[in-house]
Participant: 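Could you have a look at this structure, given as structure tokens, before my questions?
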Amino acid sequence: LVMLFILLSVVGLHTRVAVAGVSGSMAVFYPELAGYAAPEWVEEGLRLTYYVASASIPEGRHVYFQDDDGMFVDQFGNRYRRETAEATSGHGLMQVDVLSTGKWCVLDVNLLPYVGTAPYVTSLTQRLSVVDVAAAAGDYWLPPEFLALLPAGEHGRLRIVRMPYSIGGRTYRAIRFHYEEGRTVFVYDLDSGVLIYYGTGGVSSLSKGFTYDLDRAGASFLTHTELIDMRVIQWPWAGSKPPSWLSDVQSLHYSGAVSVQIPGTPVFPIGLEASVRVLRRGLTWFLSETQSVLASPPGLPPVPTTMLTVSGVVQAGGLWLPPQAADKLEAGQVLDVDSVTGVVTSVSAVGKTEDGVPMITIREDGHEGVFVNEFTYRMDTGLMTAWRHYQAQFNQLQEIYLTDVR
């Protein structure tokens with residue numbers, strides 16, 4: 001799960017993406033982890049922050065694709081066009097928020113890429129939703145008592161080494177797992193069980209691409225992840241009861257638009273429809289699938305996307321807030337200042353509609369306005385009624401509004 005999400009920093013920085021995992025790699029390799037509890041420091045509100053980087057490097061300067069109009073012809077008369085092979089790379093921060101613990105652990109993981117060479121991150125609303133066994137959720141930790149039992153040495157294609165490991169100016173008593181296939185490495189702190197490093201390297205094939213010799217074209221990929229911070233966020237509504245409708249709701253529907261402001265040209269909003277379907281739920285959370293359709297100019301098909309999202313009590317920006325939060329919040333209240341990203345979460349508005357319905361808006365502000373997220377909730381039910389996302393890098397505004405609940 002960790003590797004899959006890191007690769008998004010190379011291949012998917014301009015779209016909203018989410019993947020739900022049932023088991024990380026460790027829970028697959030060691031099924032007995034299902035019988036362990038999470039480390040004692042794992043609690044609701046915990047946030048782990050990792051620095052992530054990845055790159056994809058083509059094996060040659062050019063890639064050839066079959067094309068009846070191409071200039072290159074093989075011995076069988078097939079034609080190919082030649083394109084320049086481009087390397088891609090990206091880096092940023094990955095923040096892992098624990099929404100629920102127990103038999104299952106629910107994680108909301110957010111990728112925040114760096115803006116060019118600037119020392120601050122932006123939000124492109126890329127998320128990974130994880131529902132996993134508590135002892136090894138998403139591979140971000142393992143129980144220290146389990147690690148203590150693992151013998152060092154060669155185990156088929158797996159090598160386990162106990163060793164000191166220095167990262168971020170700190171040296172850990174660590175255990176290192178090295179898988180030969182894909183050259184994958186996990187490093188955990190033996191004392192706490194937290195994942196402190198993850199890296200992988202390998203070669204992947206390029207879809208439908210060939211080399212000059214008509215071998216399948218490929219690219220080498222590298223990923224790097226290292227822990228830089230861990231803390232517990234004390235949301236004012238932590239410990240509150242979820243909305244009463246949480247156990248019954250089946251679907252939500254939102255309508256809105258996406259618009260991009262280009263200087264000197266008029267703004268043409270593009271319609272956006274989003275249907276949310278609840279897939280799985282616990283006492284304080286649910287996992288949902290959102291199918292959204294972005295309208296296209298006449299003559300072109302619409303652009304559909306599917307994403308998975310988790311919403312829980314200890315979260316700002318989910319699909320709901322506990323209704324009791326209304327008694328704990330006031331306009332202008334700062335809820336959290338992230339020490340790594342500098343993102344400020346605050347209450348931007350508290351009020352009522354003309355019909356007397358209480359409303360609250362939670363706002364996330366990136367560094368110097370590089371992005372803004374606003375989430376508006378109807379506080380008699382706690383349901384999110386509107387979401388507004390502004391992305392300065394692309395001068396893009398996205399807005400959606402609740403239209404139906406079933």
Side-chain angles (χ1 to χ4, degrees), residues 16-18 20 97 99-100 104 106 108 110 125 127 129 131 235-258 269-295 302-329 345 347-364 373-389 397-406:
R16 180 161 183 161
V17 181
D97 289 347
L99 304 190
S100 181
W104 297 99
V106 180
D108 179 27
N110 190 16
T125 61
R127 310 193 88 87
S129 302
V131 180
W235 299 114
W237 54 84
S240 298
K241 294 182 180 179
S244 58
W245 51 261
L246 182 68
S247 61
D248 300 319
V249 67
Q250 299 298 320
S251 64
L252 311 169
H253 189 84
Y254 293 85
S255 296
V258 177
I270 302 173
L272 177 64
E273 300 290 327
S275 296
V276 181
R277 180 169 61 95
V278 177
L279 300 179
R280 186 176 179 182
R281 72 188 88 212
L283 295 176
T284 61
W285 59 272
F286 66 60
L287 171 70
S288 58
E289 177 187 73
T290 300
Q291 293 184 338
S292 56
V293 179
L294 183 65
V303 181
T305 60
T306 300
M307 63 183 180
L308 295 162
T309 305
V310 286
S311 295
V313 171
V314 286
Q315 182 183 31
L319 288 171
W320 50 271
L321 278 180
Q324 300 94 321
D327 300 327
K328 305 175 185 295
L329 303 177
T345 305
V347 182
S348 62
V350 174
K352 294 183 178 181
T353 66
E354 294 180 357
D355 299 330
V357 177
M359 308 292 287
I360 286 179
T361 298
I362 305 294
R363 179 181 173 115
E364 295 176 336
N373 280 316
E374 286 189 328
F375 309 90
T376 299
Y377 299 90
R378 175 173 174 156
M379 291 314 299
D380 56 345
T381 64
L383 190 60
M384 188 186 80
T385 61
W387 173 58
R388 176 180 178 271
H389 172 70
L397 176 65
Q398 180 174 341
E399 298 176 289
I400 57 173
Y401 300 90
L402 182 67
T403 58
D404 188 41
V405 181
R406 296 184 182 181

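Position 1 is the first residue of the sequence, and the numbers go up from there.
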Participant: So, taking the atom named NZ in K241 and the one named CG in L283, what distance separates them when rounded to the nearest 0.5 Å?
Facilitator: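 K241 NZ to L283 CG: 12.0 Å, rounded to 0.5 Å.
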Participant: Other residues, nucleotides and ligands only: do more than 12 of their heavy atoms fall within 6.0 Å of CG on L279?
Facilitator: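 Atom CG in L279 is crowded, with more than 12 foreign heavy atoms closer than 6.0 Å.
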Participant: Take Y254 and L319 through the test side chain to side chain contact (heavy atoms under 4.5 Å, CB included) and record every step on the way to the result.
Facilitator: CA-CA 11 Å; Y254 293 85; L319 288 171; 3.9 Å; yes
Participant: Do R281 side-chain atoms and L246 backbone N/O form a donor-acceptor pair below 3.5 Å?
Facilitator: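 The answer is yes, because a donor-acceptor pair under 3.5 Å joins these two groups.
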Participant: Hey, could you give me the OG1/NE2 distance between T403 and H253, rounded to the nearest 0.5 Å?
Facilitator: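 These two atoms lie 4.0 Å from each other.
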Participant: Look up atom CD1 in I362 and atom CD in E374, then write down how far apart they are to the nearest 0.5 Å.
Facilitator: 10.5 Å
Participant: If only atom types and distance count, is the side chain of W237 paired as donor or acceptor with the main-chain N or O of V313 below 3.5 Å?
Facilitator: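 Flag set: sc W237 to bb V313 pair under 3.5 Å.
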Participant: Has R277 got a side-chain atom pairing as donor or acceptor with Q291's backbone, closer than 3.5 angstrom?
Facilitator: no
Participant: Distance-only, no hydrogens or angles: does the S129 side chain make a donor-acceptor pair with backbone N or O of L308 under 3.5 Å?
Facilitator: yes
Participant: Assess the residue pair L402 and M384 against the criterion (side chain to side chain contact (heavy atoms under 4.5 Å, CB included)); give the C-alpha distance rounded to whole Å, side-chain angles, the decisive distance to 0.1 Å, and a yes or no.
Facilitator: CA-CA 7 Å; L402 182 67; M384 188 186 80; over 6 Å; no
Participant: Within this structure, what is the CG-CH2 distance for the pair D108 and W285, rounded to the nearest 0.5 Å?
Facilitator: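 The CG atom of D108 sits 13.0 Å away from the CH2 atom of W285.
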Participant: Walk me through it: do T381 and V405 pass the test side chain to side chain contact (heavy atoms under 4.5 Å, CB included)?
Facilitator: CA-CA 12 Å; T381 64; V405 181; over 6 Å; no
Participant: Where do Y377 and G318 come nearest, in terms of heavy atoms and distance?
Facilitator: OH-O, 2.7 Å
Participant: Going by side-chain hydrogen bond (donor to acceptor under 3.5 Å, both in side chains), name the pairs with one or both residues in residues 242-251, residues two or more places apart or in two chains.
Facilitator: none
Participant: From R388 CZ over to E399 CD, what is the distance, rounded to the nearest 0.5 angstrom?
Facilitator: 6.0 Å
Participant: For S240 and K328, which heavy atoms make the closest approach, and how far apart are they?
Facilitator: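 So the two residues come closest at OG-CE, 3.9 Å.
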Participant: So, do M359 and R378 sit near enough that their side-chain heavy atoms are less than 4.5 Å apart?
Facilitator: yes
Participant: Please report the closest heavy-atom contact between V314 and A238, naming both atoms and the distance.
Facilitator: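 Scanning both residues completely, I find the closest heavy atoms to be CG1-CB, 3.9 Å.
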Participant: I need the L329 CG to Q324 CD distance, nearest 0.5 Å.
Facilitator: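 The CG atom of L329 sits 11.5 Å away from the CD atom of Q324.
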Participant: Search all heavy atoms of P323 against all heavy atoms of P242 and return the closest pair with its distance.
Facilitator: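 Residues P323 and P242, closest heavy atoms: CD-C, 4.5 Å.
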Participant: Give the minimum heavy-atom separation between P322 and M379, together with the two atoms involved.
Facilitator: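 Nearest heavy atoms, P322 then M379: O-CE, 3.5 Å.
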Participant: Can you list the steps and then say if L321 with W235 is a side chain to side chain contact (heavy atoms under 4.5 Å, CB included)?
Facilitator: CA-CA 11 Å; L321 278 180; W235 299 114; over 6 Å; no
Participant: Could you pull out all residues at least two apart from T376 that satisfy side chain to side chain donor-acceptor pair (under 3.5 Å)?
Facilitator: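 Testing T376 for side chain to side chain donor-acceptor pair (under 3.5 Å), a comparison that skips the adjacent residues, returns T361.
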Participant: Any side-chain heavy atom of M307 within less than 4.5 Å of one from T305?
Facilitator: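 Contact flag for M307/T305 side chains = no.
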Participant: Quick check against the 3.5 Å criterion: does Q315 have a side-chain atom that pairs as donor or acceptor with the backbone of V310?
Facilitator: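 Between the backbone of V310 and the side chain of Q315 there is a qualifying donor-acceptor contact (under 3.5 Å).
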Participant: Heavy atoms only: give me the nearest G312-W320 pair and the separation to one decimal.
Facilitator: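 It is C-CH2, 3.6 Å.
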